[in-house]
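First the structure, in the form of structure tokens, and then the observations on it.
When a ligand or atom number is given, it counts from 1 through the structure's own listing order.
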Amino acid sequence: MPSDVLAGGAGFDLTGKRIWVAGHRGMVGAALVRRLQSESCEVLTAGRGDVDLLRQDQTESWLAKNKPDVVIVAAAKVGGILANDTYPADFLYQNLMIEANVIEASRQAGVGKMLFLGSSCIYPKLAPQPIQEDSLLTGPLEPTNEWYAIAKIAGIKLAQSYRKQYGCDYISAMPTNLYGPEDNFDLQSSHVLPALLRKAHEAKLRGDAELTIWGTGTPRREFLHVDDCADGLVHLLKTYSGFEHVNIGSGEDVTILELAQTVCEVVGFEGSIVKDTSKPDGTPRKLMSADRLRAMGWTPKIGLKDGIAQTYQWFLANRA
Ligand code: GFB
């Protein structure tokens, strides 16, 4: 067990704590709010009308007034490979502003514990697999998402610097590619899994013979259901207080073609899968080592096919 894991019963107790989930309308924030219902804590949320996290003055005022005990930074500008590649300024600027504003205002408001959420794209494009936490900053980033990655690396460094300079108990987690309820199903800006679910569903309804996937289908990706992610994050909050960030993943990956085949099975689309190689592949493989979090006693529960089936049901009920 890593030395900075809080020992057994002496972990961080959430009972009675006021926990602000910044970004509660996003997929991860919403999952965190659901997960925290089973803890004896008070969950605080704030919509964009209450506080615009891009504005320093608003963020500072909101935190000074509401004074949470714990802050989880799940607010971020996120998107799939095409959105990242098309809007580099938005991804860099907005993420830098959100994390800088929330972390500094948390310090000013005396927030005792902060959990910052990053992403597996922080690692070098050709990092050895499965990717260990100490691969950070050992090589060049994947160009399609380096803007988002730089912002998220800055967030990790902010948390570390506040721990070093001010002694704040600020920690960071790096979730892998996530999916689940409340995901973005817009075909231009979404990640691959919701995009394929929607494409397969619509192709089935139209009776199409083919479904088109972007790129070569050979890149490998790891997927984690967002409810597993939220559970892992709460586990981390309760048990971890350390300088290094911690990966949150399933420990298994598939090719994009295999993913598309599983999605088609779940949806019941029986046509063929064709490739649009004018679209980017992105990083060839992104499988994170799950060893550190497993050593802290946490493992995911939702298998990929079951998770896709559950997400498809959510899509049918809420978006289709
Ligand atoms: O999920 P995704 O957009 O992002 O794409 P990344 C993963 C892979 O799926 C790429 C392929 O190889 C895509 O070319 N793909 C196939 C598709 N069909 C589709 C489709 O219809 N839509 C999409 N979106 N992809 C993102 C980063 O990288 O991952 C972010 O850009 C972030 O910064 C996020 O880290 C988790 O996995 O390549």
Subject >> Residues, nucleotides or ligands: over 12 heavy atoms within 6.0 Å of Glu270 CD >> reply: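 Open.
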**OP:** Apply salt bridge (charged side-chain N to carboxylate O under 4.0 Å, His left out) to the pair Glu39 and Lys238, showing each step before the final yes or no.
**Re:** CA-CA 11 Å; Glu39 302 290 330; Lys238 288 178 174 176; 3.0 Å; yes
Less than 3.5 Å apart, N/O on ligand 1 and N/O on the protein: could you list those pairs with the distances?
unit_1	atom_1	unit_2	atom_2	d
ligand 1	1 (O)	Val192	N	2.9
ligand 1	3 (O)	Ile81	N	2.8
ligand 1	12 (O)	Asp281	O	2.6
ligand 1	14 (O)	Pro280	O	2.6
ligand 1	18 (N)	Trp214	N	2.9
ligand 1	21 (O)	Lys199	NZ	2.7
ligand 1	24 (N)	Ser190	O	3.0
ligand 1	29 (O)	Lys286	NZ	3.4
ligand 1	31 (O)	Asn84	ND2	3.1
ligand 1	31 (O)	Asn145	ND2	3.4
ligand 1	33 (O)	Asn84	OD1	3.3
ligand 1	35 (O)	Ser119	OG	2.9
ligand 1	37 (O)	Asn177	ND2	2.9
ligand 1	37 (O)	Arg221	NE	2.7
ligand 1	37 (O)	Lys286	NZ	3.2
ligand 1	38 (O)	Arg221	NH2	2.9

Original post:
Quick check, are the ring centers of Tyr162 and Tyr166 under 6.0 angstrom apart?
Top reply: yes
Residues 51-59 side chain polar contacts: donor-acceptor under 3.5 Å, at least two apart:
unit_1	atom_1	unit_2	atom_2	d
Asp52	OD1	Leu54	N	3.0
Gln58	OE1	Asp52	N	2.8
Thr59	OG1	Arg55	O	2.7

Subject >> Interatomic spacing from CG in Leu136 to NE2 in His245 - rounded to 0.5 Å >> reply: 5.0 Å
Original post:
Are any non-hydrogen side-chain atoms of Arg294 and Thr299 less than 4.5 angstrom apart?
Top reply: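 Answer yes - side chains close enough.
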